[in-house]
Amino acid sequence: MSSEIKITLPDGSSLSVEADSSIYDIAGKIGKKLQKAALVAAVNDRLVDLFFHIKENTNLKLFTFASAEGKDAFWHSASHLLAQAVKRLFPGAKFAIGPSIENGFYYDFEVERNFTPEDLEKIEAEMAKIVAEDIEVVREEMPRQKAIEYFSSMGESYKVELLMDLPDGTVSLYRQGEFVDLCRGPHLPRTSYIKAFKLLSIAGAYWRGDEKRPMLQRIYGTAWPTKEELDAHLKHLDEVEKRDHRKLGRELDLYSIHEETGAGLILWHPKGARLRHIIETFWREEHYKNGYDLVYSPHIGKSTLWDTSGHLGFYSENMYSPMDIDGQDYYVKPMNCPFHIMIYKSRGWSYRDLPLRWAELGTVYRYERSGVLHGLLRVRGFTQDDAHLVCRPDQMPDEIDRVLDFCLYMLRSFGFSDFKVYLATRPGEKFVGDEAMWSEATRALRESVERAGIDYEVDEGGGAFYGPKIDIKIKDALGREWQCSTIQFDFNMPERFDVTYVGSDGQKHRPYMIHRALLGSIERFVGVLVEHYAGRFPMWLSPVQLVLINVVSDAAERTARLRDEFAARGLRVESDLREETIGYKVRDAIEKKVPFVGVIGKKEMESGSVSVRRRGENASRTIPVDEFAALLETEAARKS
RNA sequence: GCCCACGUAGCUCAGUCGGUAGAGCAUUUGCAUGGUAAGCAAAAGGUCACCAGUUCGAUUCUGGUCGUGGGCUCCA
């Protein structure tokens, strides 16, 4: 009676099954193991649930937790599990959205009182109960209008709002026991699939990310197919915490922030200052090599300057209150550009003088809302590795190529290869300059990125009002992306300051101005560097490259002399002559993540050598002093 | 700025159901001359973030301020 249909699998093989079989049953025919591991499926590339019934010949692909699709469904189902538990414990709760995210999920609720950590435990327990109940998850479909009525009757105003924004037609609902949610799916077939989970945190989150709308209660969680995987993930989170630059910054004595000095203001300790000095020296040298000139500008400027630049109009909420100097208002600078423009305007320029490339490690101060401050990564006072390029239109594409190459060279020098590039285009409404300039500049940016052969994403409408830009972001230890490099066109400043050059025709012309930062800010860059290397800096960046340890007091003098000799050769060396055991001092040096530890005792004194221990190795090896110095110099000269 | 949590010695953390506090590490001193991830001992170190309120009495309870952490929004 029932006819057979042909199912084609991704490997090209096919099997014949009874028409109207569920995918779950078909999976069983392929293999029991796969049937157990499968979470969702794709039928002719459309994602569906396992209880979807196939009626005709089709392609079928099954997804387990190993795939992105499987994980997504798993975490999304976990968020429904969370929501069901919340519904049971807090019947008055209203439901907003609950998507899967990287390594987990969240769900936003509106509740009468805010959640407490104890609530989290209760909710977790209830979730475990629902898992044990092994409730079937059922997909339902209904016309949008009917769904609106249905959710209205339950008082689910957020769901109704979501439905209003959907195109008219059929929408899907997922029901598990007494709980039902508006959802596109797909979902896991039963609640028992979610074997191991943990709720991680409670946070406030604005409805639809809009701070003018209600603040909802968000619960974050993670879920895994087995307890082992959950434990492994939690352990991973622990390890990520260990490379947090705030923790390492203290342990390595790089910097501190004090309540007494002010939030978001960095105090650089000697070791951190040394690191900065290394970075900044390299930066300056490379800029001179790459056709830049360096300039310096003051920390404050008169209000008329910021008025002309437009900052008082469009950036004032980020600027600190003015100070009165001889009856005039002066502002601490939030940006360096107006000063660089004033340098430009100090004389006239010919088309033959362009391009100009002026760079400055300029320290700026910006008001950041208290809730966003974060170690070195988000501060109120920071040093931008700023530069402004002024060029003729015909030079512009070449300048973009140059600056992008330079940027990638710098990032790679510091060991970064994993970054994301975004091309931000013209915003929809508010923007300056004419469309031709925008499209020409945007095309130049795009072509340059493509020539460099790097992947990028287009951030449509994400440009500043004054010009399109390329942003390069680097990931921190917690997987958060931080913007470092930025290359931005500025159509606004040249206009406002009437920046011109004299062309071959003897007429005044408006040049292109490009604002760029390669490392972004020194503060943020150091923060990202610390996490990138987990504090184990390569030789050329290590504030201390070598610690020399004496075994007995007899060797102290010799150790101090060697320290001076190494220092004279330009190596960053410290000696530890404390009256402590050698094990104690070695341990101390290891904890400070110093690349090399050198031990000097009787034997080394007699043979003119050092017992050398490399970071990460447990064994030591005795090397003649000169050979050791040469080794250190070779390693210190290497950038990667 | 908003939501939640937190703030005890330089660091990591105990503790006090309201009667002015404790450990380990670090520091100092003494002993130990010790050979590659913590030698032994002693001492010193705290306005329990700050300011109000309640109380006979507040580090503990309440409120506010500042700061920190996780988010949201915003940004290098």
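In this text the structure is predicted, and so the values were computed from the model without any measurement.
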TODO: Between B:C75, B:U68, B:G35, spot the one nearest the side chain of A:I257, thanks.
DONE: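 Selected nucleotide (nearest to the side chain): B:U68.
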Open item on the list: So if I take every side-chain heavy atom of A:R218 and compare against B:G35, B:A32, B:G71, which nucleotide ends up nearest?
Closed with: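 So the side chain of A:R218 is nearest to B:G71.
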Compare side-chain N and O positions of [X] against OP1 and OP2 of [N] and report whether any pair is under 4.0 Å apart.
X      : N     : value
A:R578 : B:U27 : yes
A:T581 : B:G39 : yes
A:Y367 : B:G1  : yes
A:R246 : B:G70 : yes
A:R250 : B:U12 : yes

[N] pairs with which nucleotide, Watson-Crick or G-U wobble, both distances below 3.5 Å?
N     : value
B:C31 : B:G39
B:U62 : B:A52
B:A44 : none

TODO: Write down the distance separating the C1' atoms in B:A26 and B:C11, rounded off to the nearest Å.
DONE: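 After rounding to an integer number of Å, I get 7 Å for this pair.
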TODO: Tell me whether A:Y584 is stacked on the nucleobase of B:A37, counting only the six-membered base ring and applying the 5.5 Å and 30° thresholds.
DONE: no
Open item on the list: Taking any heavy-atom pair under 4.0 Å as a contact, classify A:K585: base, sugar-phosphate, or nothing.
Closed with: nothing
Task: Parallel, tilted or perpendicular: rings of A:H374 and A:H245 (30°, 60°) - done: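 Aromatic pair A:H245/A:H374 classed tilted.
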